[in-house]
Amino acid sequence: FEYLKNSAWTWEHMALTRARPITGPEWLRKFIINGIKDVLSSDRDDSKLLIDVYQMRQRIKVEHPGESIWDIKHHRGGLVDIEFISQFLQLKNQTAFSTTTATAICQLTNAGYLDKEIAGRLLQALQLWQGLQSIIRLIGPERLEDGAPPSGQAEALCRIANVENFDILCSEISRHARSVNDIFDRLINLPVSKIME
């Protein structure tokens, strides 16, 4: 934990918000959990944290442009953006640490660090992204790109999103992506631009 506390990069702390012991003696699991909390609760410079989160998102965008709406993880307003928002707020406020994004968002909201309306939008999008991602992993994204998936695949996607047809599903995906992207802009991109002026 010495390295993680004193030398680790911000992205390593972001990843650490998801870390947890999965096996081993109870004393070792407690030691690891306490070590993780100690590292995540360390004082940090808010401006540096904000810039680091922004720059990490830009690097990911270069490697994984997420041009398709079916790239649920990397598409602007997708899973990565929600996870980055959650991890940024956890590290900034040194609280609400959770290995699941939804729980972290709820805890951040309950602690007063995230507006309820914004949290609701994030949670709705997160639920949609996670459901769609599960189905897409099963069926593969290839036929989705041409907008004409077989009817069984389209039905499965619509059912998980609780919409009537494939066109409505595509509209809902775009709506939620825009919503998350707006939140990411408000909480991360715009504050970074002010710091860098």
Side-chain angles (χ1 to χ4, degrees), residues 10-11 13-20 37 40-41 44 46 49-50 52-54 56-58 60-61 64 66-137 144 154-194:
T10 298
W11 68 265
H13 287 179
M14 292 169 68
L16 199 60
T17 64
R18 305 290 298 269
R20 70 194 185 284
K37 284 183 181 176
L40 295 178
S41 299
R44 54 182 49 85
D46 286 352
L49 172 64
L50 192 59
D52 287 350
V53 170
Y54 168 82
M56 177 56 60
R57 183 60 182 104
Q58 296 308 306
I60 290 173
K61 189 176 177 182
H64 304 281
E67 293 168 358
S68 166
I69 65 168
W70 303 108
D71 186 350
I72 299 299
K73 184 173 182 178
H74 298 109
H75 186 65
R76 286 299 289 157
L79 274 174
V80 167
D81 288 335
I82 296 175
E83 290 168 356
F84 272 35
I85 290 166
S86 169
Q87 292 164 2
F88 163 69
L89 291 172
Q90 289 175 73
L91 293 173
K92 178 183 179 200
N93 298 296
Q94 303 171 357
T95 192
F97 301 121
S98 174
T99 58
T100 64
T101 303
T103 302
I105 289 170
C106 290
Q107 291 176 351
L108 286 161
T109 305
N110 292 338
Y113 296 116
L114 188 58
D115 178 82
K116 286 183 182 178
E117 186 268 335
I118 290 175
R121 289 164 53 195
L122 291 172
L123 290 170
Q124 284 179 358
L126 180 64
Q127 182 179 13
L128 178 62
W129 297 158
Q130 289 174 335
L132 290 174
Q133 188 180 55
S134 297
I135 298 296
I136 291 169
R137 285 179 175 164
L144 295 172
E155 287 173 18
L157 290 164
C158 291
R159 190 169 38 255
I160 203 80
N162 198 28
V163 295
E164 293 177 16
N165 62 55
F166 194 73
D167 289 336
I168 294 173
L169 172 63
C170 293
S171 294
E172 281 295 286
I173 290 172
S174 295
R175 181 177 71 83
H176 283 290
R178 281 193 309 273
S179 176
V180 172
N181 193 42
D182 288 345
I183 295 167
F184 194 92
D185 280 345
R186 187 186 317 177
L187 297 178
I188 297 173
N189 290 343
L190 293 176
V192 165
S193 68
K194 290 178 182 175

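Computation of the quantities below employed the complete heavy-atom set of this structure, encompassing side-chain atoms and omitting hydrogens, waters and symmetry-equivalent molecules. Count residues from 1 along the sequence.
Within a 6.0 Å radius of CG in N162, no more than 12 heavy atoms belonging to other residues, nucleotides or ligands are found.
The closest side-chain heavy-atom distance from T10 to M56 is not below 4.5 Å. Inter-residue side-chain proximity for L49 and F88 is flagged as met; some heavy-atom pair is nearer than 4.5 Å. With a 4.5 Å cut-off on side-chain heavy atoms, L16 and F97 do not count as touching. Counting heavy atoms from C-beta on, the side chains of L157 and I136 come closer than 4.5 Å.
Sorted by first and then second residue, the side-chain hydrogen bond (donor to acceptor under 3.5 Å, both in side chains) pairs involving residues 121-131 (not counting sequence neighbours) are E117-R121, R121-S179. Applying the salt bridge (Lys or Arg N to Asp or Glu O under 4.0 Å) test to every pair with at least one member in residues 79-89, sequence neighbours left out, gives these pairs: R18-E83, R57-D81, R76-D81. Identified under the salt bridge (Lys or Arg N to Asp or Glu O under 4.0 Å) test for residues 174-184, with sequence neighbours left out: E172-R175. Identified under the side-chain hydrogen bond (donor to acceptor under 3.5 Å, both in side chains) test for residues 101-113, with sequence neighbours left out: T100-T103.
Annotation: ring-ring contact (aromatic ring centres under 6.0 Å, His included) contacts of H74 (sequence neighbours excluded): H64. With sequence neighbours excluded, no residue forms a side chain to side chain donor-acceptor pair (under 3.5 Å) with R159.
Scanning both residues, L108 and S86, for their nearest heavy atoms gives CD1-O, 3.9 Å. The nearest pair of heavy atoms linking T99 to A19 is CG2-O, 3.4 Å. Closest non-hydrogen pair, A161 versus L169, comes out as CB-CD1, 3.5 Å.
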